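None of the values given here were measured: they were computed from a predicted structure. Start at 1 and go down the list; that is how both ligands and their atoms are numbered.
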Amino acid sequence: MTTPTAHPAPQANSGPLDIAAIRGQFPILDIEINGKPLIYLDSAATSQKPQAVIDSLVEYYSSFNANVHRGVHTLSQQATDIYEDTRVKAQAFINARDAREIIYVRGTTEAINLVASSYGRANVGDGDDVIITAMEHHSNIVPWQILCDERGANLKVIPMNDDGDLLMDEFEKLLGPRTKFVSVVHQANSIGTVNPVKQIVEMAHAHGAVVLVDGAQSAPHIPVDVQDLDCDFYAFSGHKLYGPTGIGVLYGKYDLLNAMPPYQSGGEMIASVTFEKTIYADLPAKFEAGTPHIAGVAGLGAAIDWVQGVGIERIAEHEHRLVEYGLQRLNEIDGVKIIGNPKRRAGLISFIVDGVHPHDVGTVLDSQGIAIRAGHHCAQPVMAHFGIPATVRASFGVYNTTDEIDRLYEGVQQVFEVFG
Ligand code: C6P
């Protein structure tokens, strides 16, 4: 019987990373943009994909494509094995207690919508409080606004200072008997702050509130242990973790998920259906209505294997060096202002260039093959806090090098030449 190819560790899981060898596994890094070698500094938007992940998609469609949990035939069983094996990989990756606590979703956005809609509607009522932070991505603001509007609840915001650190004393003041839910970003996509989520969870739990951690940016960059954090929900997207788009994970504590009503309904999420009554399936199927993104799950499994093979601690160390080096180089340029100076930062640097709109900076950098994101990064309240419309954001992945940061430095110098 054919079995899926294992995705072995790309290199020994100890000692310094061989970045040249890692880069060799990302075919896209060989291309040129505008006649210049691509320098990809936009991994916070989406990471590039290693060959192992690309191969897993081809292999899935070439050798294993069938629907899951629906057929007795061999192919369907193989597809189901890939699907369920990946669930166990995801469980291990974030150290969940039980594989049934791993729900496949399209990505972080869908995970948060699921929780706001299902848990939120069942548990948040008139006059209750939902707390988020001042540095949320829109996908961790709007679902809670909709819920609060619908329920007559209040949306409260933990403020931050100009370094981009949360004011924890203010958080303590916001907590109270009406606090039902706290939803916080682990690592902010706009300024890179890594929030003290373990402490936030402890403080929220002391008031009986349930906590969701938006891990879209943390899962690819820093080790995550949901049991240690003790968060009730944790969400991440496969495409930022070197995996495919359209697949992500919602982790939830078993008892909470088990008590929650379904989010979507239809096939696969039922135990039995009559015209009079439907009995829902057990976890995790209750939250996975319809034919899922099976190929995406295969790719997510390959991505988790790949990341585990490299070692998330080593990825974090490498990216920490990149961030430190990037801060040092950008700080050398007169007219560049780095936005935020958080106590703990990971994965990215946001900055503005005196007198030049971030989009123009992005265009000049693009002409040199350097891909960065310019804009509000789906975090308009963060831009409002700093009184700016947008920033330039350089965000890193395991494949980036200090040489590329030197190219960014030169690219920014070029911006001054172009705009005088
Ligand atoms: N941030 C960025 O360029 P999705 O799109 O569902 O995979 O992830 C949404 C999301 C949620 N939370 C945070 C902290 C995020 O950074 C993102 C996605 C991308 O910063 C695209 S806007």
Side-chain angles (χ1 to χ4, degrees), residues 40-49 90 94 103-117 132-145 157-158 160 164 166 182-195 197 200 211-222 224 231 233-251 263 293 296-297 299-300 303 319 323 339-340 342 344-351 358-359 362 371-383 385 390-397:
Y40 189 75
L41 298 177
D42 197 17
S43 293
T46 196
S47 64
Q48 296 301 348
K49 318 303 173 200
I94 58 170
I103 309 293
Y104 293 129
V105 286
R106 279 194 295 131
T108 306
T109 304
E110 187 175 44
I112 298 171
N113 275 277
L114 189 162
V115 175
S117 174
I132 57 173
T133 81
M135 61 181 87
E136 299 305 329
H137 185 278
H138 297 162
S139 61
N140 201 24
I141 302 174
V142 186
W144 302 111
Q145 270 173 341
V157 180
I158 312 171
M160 65 174 167
L166 292 178
V182 177
S183 196
V184 292
V185 68
H186 198 175
Q187 180 180 319
N189 72 317
S190 48
I191 42 177
T193 309
V194 179
N195 283 315
V197 286
I200 290 172
V211 184
L212 180 145
V213 175
D214 170 350
Q217 297 294 345
S218 55
H221 300 292
I222 52 180
V224 171
C231 55
F233 298 101
Y234 179 89
F236 68 92
S237 302
H239 71 98
K240 297 187 199 285
L241 185 70
Y242 308 102
T245 53
I247 188 70
V249 164
L250 169 68
Y251 156 81
Y263 170 57
H293 185 10
V297 171
L300 176 66
E319 292 176 356
V323 168
I339 302 301
R344 192 172 165 213
R345 176 204 292 268
L348 62 92
I349 303 171
S350 251
F351 60 97
H359 286 156
I372 51 84
R373 184 169 173 192
H376 54 61
H377 315 298
C378 301
Q380 285 183 338
V382 174
M383 302 299 122
H385 174 97
T391 75
V392 181
R393 185 187 69 183
S395 59
F396 307 115

Nearest-contact summary for [atom] - protein heavy atom, Å:
atom                    : result
atom 12 (N) of ligand 1 : D214 OD2, 2.6 Å
atom 3 (O) of ligand 1  : R373 NH1, 2.5 Å
atom 9 (C) of ligand 1  : T109 OG1, 3.4 Å

Heavy-atom gap [X] to ligand 1 smaller than 4.0 Å:
X    : value
K240 : yes
R393 : yes
N140 : no
H186 : no

In Å and rounded to the nearest 0.5 Å, what is the [atom1] to [atom2] distance from [X] to [Y]?
X    : Y    : atom1 : atom2 : result
L212 : Y234 : CG    : OH    : 10.5 Å
D42  : S395 : CG    : OG    : 5.0 Å
E136 : I112 : CD    : CD1   : 7.5 Å
S190 : H385 : OG    : NE2   : 10.5 Å

| Are H138 and H376 close enough that their ring centres sit under 6.0 Å apart? |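 Yes; H376 has its ring centre under 6.0 Å from that of H138.
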Show the atoms of ligand 1 that are less than 4.0 angstrom away from any heavy atom in [X].
X    : value
S237 : 4 (P), 6 (O), 7 (O), 8 (O)
S139 : 9 (C), 10 (C), 11 (C), 12 (N)
A216 : 10 (C), 11 (C), 12 (N), 13 (C), 15 (C), 17 (C)
V185 : 14 (C)
N189 : 1 (N), 2 (C), 16 (O), 20 (O)
C378 : 22 (S)

Between V184 and the options D214, N195, V197, the side chain to side chain contact (heavy atoms under 4.5 Å, CB included) test singles out V197
Per side chain to side chain contact (heavy atoms under 4.5 Å, CB included), F236 is matched among V213, L250, L241 by L241
- [ ] From the options Q217, H377, H137, H376, select the one whose nearest heavy atom is closest to atom 22 (S) of ligand 1.
- [x]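 Looking at heavy atoms only, H137 sits closest to atom 22 (S) of ligand 1.
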Hey, does the side chain of R393 reach the backbone of N189 with a donor-acceptor pair shorter than 3.5 angstrom?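 Pair found, side chain donor or acceptor close to backbone of N189.
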Quick look: E110 vs ligand 1, heavy-atom contacts under 4.0 Å, and the answer is neither
- prompt: Any side-chain heavy-atom pair from H377 and M383 closer than 4.5 angstrom?
  reply: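 H377 vs M383: side chains touch.
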Is M160 close to V382 at the side-chain level, that is, under 4.5 Å between some pair of heavy atoms?
yes
- prompt: Under 3.5 Å between some N or O of ligand 1 and some N or O of Q187?
  reply: no
